[in-house]
Amino acid sequence: MHRIVIVAIDGPAGAGKSTTARRVATALGFLYLDTGAMYRAVALSFLRSGTPFDDAGAAPVLSSLRLSVRTADDGQHVFLGEEDVTGSLRSPEVSEAASRVSALASVRAFLVEEQRRIAAAQTMRGSGVVMEGRDIGTVVFPGAELKIFLTADPSERARRRAAEYAERGESSDTDAIASEMRERDRRDSDRAVAPLRPADDAVLLDTTSLSFEEQVEHIVDLARRRAS
Ligand code: DC
């Protein structure tokens, strides 16, 4: 019997990573870690302090950053100091800033270390982690026991993101979302440090025509088969 410790779920925005990863974690009894929210919290710190998006600007932001991630019944919460900033992380302004700060080597090094630390603490407790992001299978945990790369057609990804905005009562324009996503995908894939790409041993899962339940079932199934 092999033990699965890390399930890495990577892929572009809107491929269904967050909802899928959260449900997979519940099914396996693992911790769920949304690493994008950590990049977003760092981006919020840059925005609040008016810091330019470069490594020189990042040094003072990172040295004074008090970032923590806590899990509550309603999911993951991200804190800066004692302030729960979870509700401030999804605006278009923070999305854009997160895409910029995530291209900085110093920010990535800082967060990768933090992500490994969180996973180590969890595995010491005898449990596993479903970690979701862009570079989990390639950089953070290249030895993860199961790596999934989720994709979906760009138009479907934009439609899903628009539906998320609608669910939060926010209006949006699907064409504008599609063009922002294209730009972010390009930046995430073209950056020099940890570009978005599937690990060589990742299982590619195109979710365009899969239901949410089918995606979850498929990944849970793979995890259970690998563990047996
Ligand atoms: O998954 P998300 O949209 O919340 O991610 C926000 C930004 O952070 C996005 O531009 C990609 C980047 N990111 C990253 O570079 N590496 C990760 N592991 C997670 C997110």
Side-chain angles (χ1 to χ4, degrees), residues 6-22 24-25 31-47 53 55 58 61-62 65 67 69 75-78 85-119 129-142 144 147-152 154 157-158 160-165 168 172 177-199 202 207:
I6 307 285
V7 176
I9 301 188
D10 292 303
K17 293 190 303 294
S18 300
T19 38
T20 306
R22 198 175 310 130
V24 168
L31 175 78
Y32 161 65
L33 189 71
D34 168 8
T35 62
M38 299 169 81
Y39 284 92
R40 287 172 181 272
V42 172
L44 185 63
S45 263
F46 270 74
L47 288 172
F53 301 126
D55 279 306
V61 173
L62 294 175
L65 193 74
L67 175 72
V69 180
Q76 173 180 289
H77 287 248
V78 183
V85 294
T86 314
S88 310
L89 300 180
R90 300 279 145 197
S91 69
E93 193 192 11
V94 172
S95 300
E96 168 71 17
S99 173
R100 291 184 181 280
V101 302
S102 65
L104 302 177
S106 57
V107 171
R108 301 206 72 84
F110 179 92
L111 288 181
V112 166
E113 194 182 319
E114 189 60 17
Q115 289 150 15
R116 289 182 179 148
R117 201 189 52 71
I118 293 170
V129 183
V130 177
M131 199 177 286
E132 175 231 316
R134 304 291 192 288
D135 62 339
I136 311 305
T138 50
V139 175
V140 186
F141 284 107
K147 301 177 186 178
I148 306 288
F149 195 86
L150 283 189
T151 58
R157 294 198 280 124
R160 289 178 189 171
R161 194 40 63 91
E164 276 173 33
Y165 282 122
R168 296 203 299 265
S172 65
I177 292 177
S179 100
E180 272 163 35
M181 264 184 180
R182 262 196 306 278
E183 178 52 24
R184 283 211 288 142
D185 283 353
R186 190 198 56 70
R187 211 179 294 135
D188 291 344
S189 307
D190 289 356
R191 68 180 173 224
V193 202
L196 172 66
R197 63 168 181 82
T207 67

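Whatever order the structure lists ligands and atoms in, that order sets their numbers, starting from 1. Worth saying up front: this structure is predicted, and the values here are computed from it rather than measured.
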So Arg90 and Arg168, side chain to side chain contact (heavy atoms under 4.5 Å, CB included) or not? Walk me through it. CA-CA 11 Å; Arg90 300 279 145 197; Arg168 296 203 299 265; 3.8 Å; yes
Test side chain to side chain contact (heavy atoms under 4.5 Å, CB included) applied to Val78 and Arg40, step by step: CA-CA 10 Å; Val78 183; Arg40 287 172 181 272; over 6 Å; no
Any residue meeting side chain to side chain contact (heavy atoms under 4.5 Å, CB included) with Arg116, in chain and number order, not counting sequence neighbours: Val112, Val140, Phe141
Can Glu96 and Arg100 be said to form a salt bridge (charged side-chain N to carboxylate O under 4.0 Å, His left out), step by step? CA-CA 7 Å; Glu96 168 71 17; Arg100 291 184 181 280; 3.1 Å; yes
Those protein residues which place at least one heavy atom below 4.0 Å from ligand 1: Thr35, Gly36, Tyr39, Arg40, Arg90, Ala98, Ser99, Ser102, Arg108, Gly133, Arg134, Asp135, Arg184, Asp188, Arg191
Asp10 and Lys147: side chain to side chain contact (heavy atoms under 4.5 Å, CB included), yes or no, with the steps? CA-CA 8 Å; Asp10 292 303; Lys147 301 177 186 178; over 6 Å; no
Spell out, as yes or no, whether a donor-acceptor pair under 3.5 Å connects the side chain of Asp188 to the backbone of Leu196. no
